[in-house]
Participant: 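A single structure is presented below for examination.
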Protein chains: 2
Amino acid sequence: MATDAPTKRERTLARLIETGLELFERQGYDETTVAQIARTAGVTEMTFFRHFPSKESLLLDDPYDPLLVAAIGRQPIDLPPFLRAVRGIREAWRAVPDPDQPMIRRRVRIAATTPSLRGATWRSTGNTEHAIVGRLVADGASDHDARIAASAVLAALVAGLFAWAEDETAGLATSIERALDVVDVECVVHEADAAEPAEARDA
Amino acid sequence: MATDAPTKRERTLARLIETGLELFERQGYDETTVAQIARTAGVTEMTFFRHFPSKESLLLDDPYDPLLVAAIGRQPIDLPPFLRAVRGIREAWRAVPDPDQPMIRRRVRIAATTPSLRGATWRSTGNTEHAIVGRLVADGASDHDARIAASAVLAALVAGLFAWAEDETAGLATSIERALDVVDVECVVHEADAAEPAEARDA
DNA sequence: CCCCGAATGTTAGTGACTAACATTCTGGCA
DNA sequence: TGCCAGAATGTTAGTCACTAACATTCGGGG
């Protein structure tokens, strides 16, 4: 894999990420300069941009796309695209390995508490969105519907991640699931008027 | 109102908007410099920033929030928050005045075709999102649910606007409605059987 | 007509990011 | 082991969005 003998590039990159996160946490994202991160990590500003295309990208490089897409593909094909996406994401995030969670939390928390990063977070979902659209279309959805479904689901997911990051006591899987419930309305409402629609909410 | 005797500030602002849009359309957003817009409009770069807080904001200042919020408030209170938001927005956009549409289209089209603006577009919905959350919470939804519902709806709306901007033949209200149908899954799935909900798909 | 404040201009600076070119360092191969 | 190609880094100089502080002009109401 990559666990033996980290090459020089990898070591510099790890150092940049670590110092970057630390500085962001200590003094805020906007108040932290790329030059400062670089200097603290013992390199040049130029070197920073050789490892990351932008300041933002230090925070939000996520490699989970393939799992999402696969899980969506596994949902019943006769479901509306939006619900397939919702449930696929639900299933995929259930499987996120525990050890990754602290690091994810650090990153998400910074993004969630930095207004100027809200937009960036959204843009960074571009790749994921594209992947989801591809899957949905391949399974028969129209391009139009797929794009809207993907956007909406990812928005719910991101909002759920933000909520999770702010709540120390919450587990990742549970938080995501609660978020997707808000949007996965079908069964709640009509699968019989039995059982009051949206009760038993939080405090 | 404001239709009589446009003050100097208003005239400069109108000139900046017009030249800005023109330049964006002719040579692209990223290729257009704030200095160039200002110069073409006969003012200084500094003056530009006295009228807009950022380059982006020339494109995406929209004043429709209050109508949205009001329409959402009008939805049945026993509906899940997400569906209230979806249907409120549907209702509100039905009422957008025709004369505004060409200008909206110009703006949305530029945003839709400029990758670097995707994030900005999303961030610009921040105010709207906040307003929607406020309405939903005031009507009894939890903060958590309201935030997720608002994010998801707005994502669907923006995706719908993008689709509309790219399709010359589509009407605004219809496009929005088709977009919200993707996400307003309840009736499609269960209310079904009665009157096909979202027919007349694209080519 | 004059004057106060709004609108604009000027200058100077910061920070993210890029391009072109020079230097050092590393890892694999002879 | 020693050497060398190429990777990794440094240097310099520049562009563009955006801000701050201060000077100037212009417009409309008294």
Side-chain angles (χ1 to χ4, degrees), chain A residues 2-21 23-24 26-61 110-111 114-121 123-124, chain B residues 2 4-21 23-24 26-61 110-111 114-124:
Chain A
T3 349
D4 50 49
T7 157
K8 178 171 195 179
R9 181 175 185 83
E10 288 167 336
R11 269 183 288 122
T12 323
L13 189 131
R15 232 165 49 230
L16 281 173
I17 292 184
E18 188 45 38
T19 43
L21 289 187
L23 289 173
F24 290 163
R26 266 223 304 278
Q27 54 185 33
Y29 177 87
D30 287 328
E31 291 68 36
T32 303
T33 265
V34 168
Q36 188 187 5
I37 301 175
R39 188 161 28 85
T40 310
V43 294
T44 301
E45 191 182 348
M46 190 68 251
T47 296
F48 178 97
F49 286 109
R50 289 224 177 76
H51 288 266
F52 302 97
S54 70
K55 183 183 174 185
E56 303 164 4
S57 62
L58 189 148
L59 259 189
L60 28 79
D61 271 332
I110 297 170
T114 306
S116 63
L117 273 176
R118 287 188 55 99
T121 304
R123 176 173 56 251
S124 88
Chain B
D4 50 51
T7 158
K8 178 171 194 178
R9 182 176 183 82
E10 288 168 336
R11 269 183 288 121
T12 323
L13 190 131
R15 232 165 47 230
L16 280 173
I17 293 184
E18 188 45 39
T19 43
L21 289 187
L23 289 173
F24 289 164
R26 266 223 304 277
Q27 54 185 34
Y29 178 87
D30 287 328
E31 290 68 36
T32 302
T33 263
V34 168
Q36 187 188 5
I37 300 175
R39 188 161 28 83
T40 311
V43 294
T44 301
E45 191 182 349
M46 191 69 252
T47 296
F48 178 97
F49 287 109
R50 288 223 179 78
H51 288 266
F52 302 98
S54 69
K55 183 182 175 185
E56 303 163 4
S57 60
L58 188 148
L59 259 189
L60 27 79
D61 271 332
I110 296 170
T114 305
S116 63
L117 274 177
R118 288 189 53 99
T121 304
W122 182 244
R123 176 173 55 248
S124 88

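Every chain is numbered from 1, with letters handed out A, B, ... down the list of sequences. Note that the structure is a prediction, hence the values are computed from the model and not measured.
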Participant: Do you know the tightest heavy-atom contact between R50(A) and R9(A)?
Facilitator: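 So the two residues come closest at O-NH2, 3.1 Å.
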Participant: Quickly work out the E10(A) CD to dT9(D) C1' distance and round it to whole Å.
Facilitator: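 Checked: the CD to C1' distance equals 17 Å.
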Participant: Rounded to whole Å, how long is the line connecting atom CZ of R15(A) with atom P of dA8(D)?
Facilitator: 14 Å
Participant: Over all heavy atoms of both residues, which pair between D30(B) and S116(B) is shortest? Give the atoms and the distance, please.
Facilitator: OD1-OG, 2.9 Å
Participant: Is H51(B) near enough to dA7(C) that one of its side-chain N or O atoms lies under 4.0 angstrom from OP1 or OP2?
Facilitator: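 No, outside the criterion.
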Participant: Once you round to the nearest 0.5 Å, how far does NZ of K55(B) lie from OG1 of T33(B)?
Facilitator: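 Going from the NZ atom of K55(B) to the OG1 atom of T33(B) covers 6.0 Å.
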Participant: Select one nucleotide: of dC25(C), dA17(D), dA16(C), the one nearest the side-chain heavy atoms of K8(A).
Facilitator: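 Out of dC25(C), dA17(D), dA16(C), the nucleotide with an atom closest to K8(A)'s side chain is dC25(C).
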Participant: May I have the distance from L58(B) (atom CG) to dC18(D) (atom P), rounded to whole angstrom?
Facilitator: 11 Å
Participant: Could you tell me how far apart F52(B) (CZ) and dC16(D) (P) are, to the nearest whole angstrom?
Facilitator: 20 Å
Participant: Can you tell me how far P of dA7(D) sits from CE of M46(A), to the nearest Å?
Facilitator: 17 Å
Participant: Under 4.0 Å from OP1 or OP2 of dT26(C): is there any side-chain N or O of T7(A) that close?
Facilitator: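 For T7(A), the contact criterion (side-chain N or O under 4.0 Å from OP1 or OP2 of dT26(C)) is not met.
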Participant: Taking the nucleotide of DNA chain D with the nearest heavy atom to each, does R11(B) or D30(B) sit closer to the 5' end?
Facilitator: D30(B)
Participant: Do R50(A) and dG10(D) have a side chain to base donor-acceptor pair shorter than 3.5 Å?
Facilitator: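 Checked by distance alone, the answer is yes.
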Participant: Remember a base hit wins even if backbone is also touched, and classify T32(B) as base, sugar-phosphate or nothing at under 4.0 Å, heavy atoms.
Facilitator: sugar-phosphate
Participant: How many whole angstroms separate atom OH of Y29(A) from atom P of dA16(C)?
Facilitator: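 Atom OH in Y29(A) sits about 8 Å away from atom P in dA16(C).
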Participant: Return yes if some donor-acceptor pair links the side-chain N/O of S54(A) with the main-chain N/O of S57(A) below 3.5 Å, else return no.
Facilitator: yes
Participant: Is any side-chain heavy atom of T121(A) closer than 4.5 Å to a side-chain heavy atom of W122(B)?
Facilitator: no
Participant: Looking at dG10(D), I'd like to know if its phosphate oxygens (OP1 or OP2) sit under 4.0 Å from a side-chain N or O belonging to T44(A).
Facilitator: yes
Participant: Rounded to whole angstroms, how far apart are CD on E56(B) and C1' on dC16(D)?
Facilitator: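 For the pair E56(B) CD and dC16(D) C1', the rounded distance is 14 Å.
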Participant: Taking for each residue the nucleotide of DNA chain C bearing the nearest heavy atom, is the 5' side occupied by E45(B) or by A35(A)?
Facilitator: E45(B)
Participant: Starting the side chain at C-beta, find the nucleotide from dG10(D), dT8(C), dA17(D) nearest to T47(B).
Facilitator: dT8(C)
Participant: Starting at the 5' end of DNA chain C and moving along, which residue's nearest nucleotide shows up first, V43(B) or K55(A)?
Facilitator: V43(B)
Participant: Quick check for you: among dA17(D), dA7(C), dC17(C), whose closest atom lies nearest to any side-chain atom of V34(B)?
Facilitator: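 Taking heavy atoms from C-beta onward, the closest nucleotide is dA17(D).
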Participant: CZ of F49(B) versus C1' of dA12(C): gap in Å, rounded?
Facilitator: 16 Å
